[in-house]
Amino acid sequence: MEIKTTDYDNFKCSVVAKDTPVVSVIITADLHASNSPQNTLVGELLTDLLLAGAGKYSRDDFLQAVAALGSSINVSFSQGRLTISLKSLAENLSKTLKLLEVAITNPTFSTSEYKRATKTVKNSLELYKEEARTLAEDALKRSFYGETDRHYRYEPVDLIKALNKIKLTDIKSLHKSFLTTFWFVSIGGNKKSVKTTLSLFKRLKKKPVVPKTNMAIAVLAEKSKKSKVLVELVSSKQNVEFSIGGHLPFVLGDKDFMAFTFGLTVLGKWGGFAGRLMSTVREKEGLTYTIYARTEGVSKTETGYWRILTFFAPKDAVTGVKSTLREIKKIYQEGITEEEWGRFKEILKTGEALSYDSLAGTVSLVHSALVSGIDYEEYKKYQKMLYEVSREDINKTLKQYLLPENVVISAAGPIDKKLEKELKMVIK
């Protein structure tokens, strides 16, 4: 397998060359100018309408044509970035790429599909009011970011109000921006498939585009000055969902970021049972089933935050939060042990190795790095820094940046006034 990144005039492309019968392609365009409820919703509507009829195809005809090839084309919009992902067998790639091209360049944008998509988004926003885990995470983000930042997520009520103000011309305008802005592209497959796919993008991006200015703009997370508890009632849920975290001043590649990432992995490795929080709060105390930690929002130009994801039954919520804060304070004060330092080096290396098990996984990893502002060679350099960071540096950064007095606790679920008061007393 060979991985290489190349700059073209109007797009940047990472290629994962591998002799395989499948092809995986991801395209991302950074369309963020300023965040608003309207901009968020226009992006979400565009993701639907790009696959809701194009050229000679109706919505049903297009989806059936893709499915008949055993292929998939998906579109998503998040944090101001529009992403299109494609998977296909190499033998059906040319036909799949033709469908992709017509969807990108000649969407129908019919009034009837616009009305259907608007209704679909409205229904999803009504359901969003009940998504306690997402509500807790979004409230945590709002405590770190300003409203115009790409990471800020508006509340459901604000998004529903804005939906009625959006016109079909707004969606067409964003689509035009997508066609003319700089793209980040990742392609995985055999040499012939890569060549075929690359030729399409060279043709689509011949015309001059808007310069990739977004990658040069640093949007800094706002530092929370003290601990706080944020609560939202979602009475239909059985458990209380938590997002617990704090601001970080790093950008991708900072040595302190690598050291902090290592230490946070010891505290609550995302996935699996290796982290301290899983062995204590889950296994020893039986207070939850899931409790993980990781950094989020950090790129080459943007700072972010660290976050712990977990949930507790209402009767265990206060005890669970206290146990979680206890483990934060312990690793903050004492750092990681020599044994943990050696063991987690191997855990991290194994985790990275597993990401290369599938072509889609490798392309996704390479593409995430590309969108974050680094190519694959830089990614490998940063991973090497992570594996070689000293225990002393890890403990130093935990002491400096994992600040218990600045922890934000965001909770959503069946929280009555008594539980809300008890949760707020935890940080006093």
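All residue numbers in this chain count up from 1 along the given sequence. Excluded from the calculations below are hydrogen atoms, water molecules and symmetry mates; all remaining heavy atoms, backbone and side chain alike, are included.
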Problem set entry | Residues Glu126, Lys129: salt bridge by 4.0 Å N-O rule | yes
For this session: For Ser410 and Ser243, run side-chain hydrogen bond (donor to acceptor under 3.5 Å, both in side chains): C-alpha distance rounded to whole Å, both residues' side-chain angles, the deciding distance at 0.1 Å, then the answer.
Result: CA-CA 5 Å; Ser410 179; Ser243 273; over 6 Å; no
Exercise. Should Asn123 and Thr120 be marked as a side-chain hydrogen bond (donor to acceptor under 3.5 Å, both in side chains) after you check the CA-CA gap, both sets of side-chain angles, and the distance that decides it?
Worked result: CA-CA 5 Å; Asn123 290 340; Thr120 299; 5.7 Å; no
Exercise. With distance as the sole criterion, is a donor-acceptor pair present between the side chains of Asp61 and Ser58 under 3.5 Å?
Worked result: yes
For this session: Just say parallel, tilted or perpendicular for the rings of Tyr356 and Tyr376, cut-offs at 30° and 60°.
Result: perpendicular
Exercise. Cation over ring, Lys269 on Phe344, under 6.0 Å and within 45°?
Worked result: no
Exercise. Do Phe260 and Phe262 have their ring centres less than 6.0 Å from each other?
Worked result: no
Problem set entry | Lys330 and Glu327 ion-paired at < 4.0 Å | no
Problem set entry | Aromatic ring proximity Tyr145/His151, centre distance under 6.0 Å | yes
For this session: Tell me, yes or no, whether the heavy-atom count around Lys384 atom NZ, taken from other residues, nucleotides or ligands under 6.0 Å, exceeds 12.
Result: no
Exercise. Honestly, is Arg282 close enough over Tyr289, meaning NZ or CZ under 6.0 Å from the six-membered ring centre and within 45° of the axis?
Worked result: yes
Exercise. In terms of side-chain geometry, is the basic nitrogen of Asp170 or Lys165 positioned less than 4.0 Å from the acidic oxygen of its partner?
Worked result: no
For this session: Kindly determine whether Glu392 and Lys396 satisfy salt bridge (charged side-chain N to carboxylate O under 4.0 Å, His left out), including the steps that lead there.
Result: CA-CA 6 Å; Glu392 291 74 18; Lys396 179 182 176 182; over 6 Å; no
Exercise. Where do Asp30 and Arg150 land on the salt bridge (charged side-chain N to carboxylate O under 4.0 Å, His left out) test, with the steps shown first?
Worked result: CA-CA 10 Å; Asp30 191 346; Arg150 70 164 78 243; 2.9 Å; yes
For this session: Spell out, as yes or no, whether a donor-acceptor pair under 3.5 Å connects the side chain of Asp254 to the backbone of Val251.
Result: yes
Exercise. Would Arg203 and Glu101 satisfy salt bridge (charged side-chain N to carboxylate O under 4.0 Å, His left out), going step by step from the backbone distance to the final call?
Worked result: CA-CA 10 Å; Arg203 180 160 50 82; Glu101 181 177 3; 2.7 Å; yes
Problem set entry | With sequence neighbours excluded, residues passing ring pair (Phe, Tyr, Trp, His ring centres under 6.0 Å) with Tyr8 | Phe11
For this session: Test the Lys205-Trp183 pair against the cation-pi criterion, namely NZ or CZ under 6.0 angstrom from the six-membered ring centroid and within 45° of the ring axis.
Result: yes
For this session: State the OG1-CH2 distance between Thr337 and Trp341, to the nearest 0.5 angstrom.
Result: 11.0 Å
Exercise. Charged N to carboxylate O under 4.0 angstrom, Lys381 versus Glu377?
Worked result: no
For this session: Salt-bridge test for Arg276 and Glu283: reply yes if a basic N is under 4.0 Å from a carboxylate O, no otherwise.
Result: no
Problem set entry | Residue pairs, two or more places apart or on separate chains, that pass ring-ring contact (aromatic ring centres under 6.0 Å, His included) and touch residues 37-89 | none
For this session: Quick one: pull up OG1 in Thr181 and NE2 in His32 and give me the separation to the nearest 0.5 Å.
Result: 12.5 Å
Exercise. Is any NZ, NE, NH1 or NH2 atom of the basic residue among Glu2 and Lys18 found under 4.0 Å from an Asp or Glu carboxylate oxygen of the other?
Worked result: no
Problem set entry | Arg153 with Glu137: basic N within carboxylate O range, under 4.0 Å | no
Exercise. Quick one: does NZ or CZ of Arg294 land under 6.0 Å from the six-membered ring centre of Trp270, within 45 degrees of the ring axis?
Worked result: yes
Exercise. Regarding Thr148 and Ser34, is there a side-chain donor-to-acceptor distance under 3.5 Å anywhere?
Worked result: no
For this session: Would you please say whether a donor-acceptor pair under 3.5 Å links the side chains of Thr96 and Ser71?
Result: yes
For this session: Go through the steps to decide whether Glu352 and Lys380 satisfy the test salt bridge (charged side-chain N to carboxylate O under 4.0 Å, His left out), and finish with yes or no.
Result: CA-CA 10 Å; Glu352 185 194 7; Lys380 292 300 291 182; 3.1 Å; yes
Exercise. Counting only heavy atoms not in Lys95, do more than 12 fall under 6.0 Å of its NZ?
Worked result: no
Problem set entry | Inter-residue atom distance Leu159.CG - Gln38.CD, 0.5 Å rounding | 9.0 Å
Exercise. Do Thr28 and Thr83 have side-chain N/O donor and acceptor atoms under 3.5 Å apart?
Worked result: yes
Exercise. Which ring-ring contact (aromatic ring centres under 6.0 Å, His included) pairs, counting each pair once, include a residue from residues 80-134, with sequence neighbours left out?
Worked result: Phe109-His175
Problem set entry | Approximate separation, where rounding is to 0.5 Å, of Lys300 NZ and Asp375 CG | 8.0 Å
